[in-house]
Amino acid sequence: PTGSGPYTVTFNYAGNSFSPFSISDPASTNADLDNLTLTSPSTTISPSFTAATYSYQACISSALTNISVTPTVAAGYGGTLQYQLNGGGFTSTPDATPIVLSLIAGTNTVDIKVTSADATNTNTYTITLYRQPTAAFTINNNTQCLSGNSVQMTDASTNGSGTINTWNWSTVGGTNN
């Protein structure tokens, strides 16, 4: 037989049958993923996925409220999957099934734990999701386009996952700040 067991084999000897018995492959010790993707929206993780890399990061929109993570266990090894968001405790999930996560403001951390079929090994893959800052400003005067009017611009930017340290803008015919 080919593929992974268990197999049932019956031996016949000169027309007589013996009791069937099973032959099984030992349970796998592999606790790797074959793939790990972020979708809804499609998001690139960095570095690119490899089974031997356990730490990833990605940039997401500051406005994003949900994202789907799809872990795929190494083919043919039968490991089990669990996930957690922001240290909230692990939950079991089926292989190769998108997990829809509700994100909090700021940085989010997703952990995917793979346990080998024989339960002797685990690997945890972590994706840290950083929110992109949003640049914005408001103005104090809706007639700013009229000659001679002064304009005051007020920062309305959001930090995303980090801190905005400096602001720079250019104005036509004016000074750069």
Side-chain angles (χ1 to χ4, degrees), residues 30-75 79-115 121-177:
N30 186 312
D32 290 337
L33 289 178
D34 267 350
N35 202 5
L36 181 59
T37 59
L38 297 175
T39 56
S40 300
S42 179
T43 303
T44 302
I45 60 173
S46 179
S48 296
F49 179 79
T50 63
T53 301
Y54 302 105
S55 182
Y56 298 90
Q57 54 188 338
C59 292
I60 59 173
S61 164
S62 290
L64 192 63
T65 57
N66 295 299
I67 196 163
S68 294
V69 178
T70 306
T72 305
V73 172
T80 59
L81 289 171
Q82 295 178 301
Y83 72 93
Q84 73 175 355
L85 177 63
N86 299 319
F90 281 97
T91 301
S92 294
T93 188
D95 183 29
T97 301
I99 306 160
V100 178
L101 301 172
S102 296
L103 304 174
I104 61 170
T107 301
N108 287 261
T109 303
V110 181
D111 296 309
I112 305 293
K113 187 185 333 182
V114 184
T115 303
N121 294 310
T122 61
N123 285 327
T124 301
Y125 295 82
T126 300
I127 307 170
T128 304
L129 303 172
Y130 295 101
R131 293 194 180 269
Q132 299 166 332
T134 302
F137 64 90
T138 60
I139 56 173
N140 69 328
N141 185 342
N142 288 333
T143 61
Q144 78 277 3
C145 62
L146 301 177
S147 180
N149 286 346
S150 65
V151 176
Q152 179 181 1
M153 298 185 339
T154 304
D155 178 40
S157 301
T158 58
N159 292 341
S161 292
T163 302
I164 298 174
N165 294 318
T166 60
W167 296 259
N168 296 303
W169 61 89
S170 298
T171 57
V172 176
T175 59
N176 295 340
N177 293 304

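Each residue takes its place number in the sequence, starting with 1. Since we're looking at a predicted model, the values are computed, not measured.
Asn121 places no side-chain N or O within 3.5 Å of a backbone atom of Ala31 that could act as its donor or acceptor partner. A donor-acceptor contact shorter than 3.5 Å is absent between the side chain of Tyr130 and the backbone of Gly160. Side-chain atoms of Tyr125 come within 3.5 Å of backbone N or O of Leu33 as a donor-acceptor pair.
Residues meeting the side chain to side chain donor-acceptor pair (under 3.5 Å) test with Asp95, sequence neighbours left out: none. For Tyr56, the ring-ring contact (aromatic ring centres under 6.0 Å, His included) partners two or more places apart in sequence, or in a different chain, are Phe49. Partners of Ser157 under the side chain to side chain donor-acceptor pair (under 3.5 Å) rule, at least two apart in sequence or in another chain, are Asp155. Remark: Ser62 pairs with Arg131, Thr134, Thr158 by the side chain to side chain contact (heavy atoms under 4.5 Å, CB included) rule, at least two apart or across chains. By the side chain to side chain donor-acceptor pair (under 3.5 Å) test, Gln84 pairs with Asp111, sequence neighbours left out. For Phe90, there are no ring-ring contact (aromatic ring centres under 6.0 Å, His included) partners, not counting sequence neighbours.
Here Leu36 contributes atom CG and Thr50 contributes atom OG1; the two are 10.5 Å apart, rounded to the nearest 0.5 Å. Residue Gln57 holds its CD atom at 11.0 Å from CD1 of Ile127, rounded to the nearest 0.5 Å. A distance of 8.5 Å separates CG of Leu38 from OG1 of Thr44, quoted to the nearest 0.5 Å. Distance check: Asn35 CG to Thr70 OG1 gives 8.5 Å after rounding to the nearest 0.5 Å. Considering OG1 of Thr109 and CG of Leu129, their distance stands at 7.5 Å, rounded to 0.5 Å. Atoms CG and OG, on Leu101 and Ser68 in that order, are 7.5 Å from each other to the nearest 0.5 Å.
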Side chain to side chain contact (heavy atoms under 4.5 Å, CB included) between Thr163 and Asn165, intermediate numbers included = CA-CA 6 Å; Thr163 302; Asn165 294 318; 3.6 Å; yes

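Between Ala74 and Asn30, the shortest heavy-atom distance links the atoms CB-OD1, 3.9 Å. When all heavy atoms of Leu64 and Pro41 are compared, the closest pair comes out as CD1-CD, 3.5 Å.
Using a 4.5 Å heavy-atom threshold, the side chains of Tyr54 and Thr126 count as separate. Considering only heavy atoms from C-beta on, Val114 stays 4.5 Å or farther from Pro71 through its side chain. You'll find the side chain of Leu85 reaches within 4.5 Å of the side chain of Asn108, heavy atoms only. The side-chain heavy atoms of Ser92 and Thr80, taken from C-beta on, include no pair separated by under 4.5 Å.
Evaluated for a side-chain contact (heavy atoms from CB on, under 4.5 Å) with Ile67, the options Val110, Val100, Thr43 yield exactly one hit, Thr43.
In this structure, a donor-acceptor pair under 3.5 Å is present between the side chains of Ser102 and Asn66.
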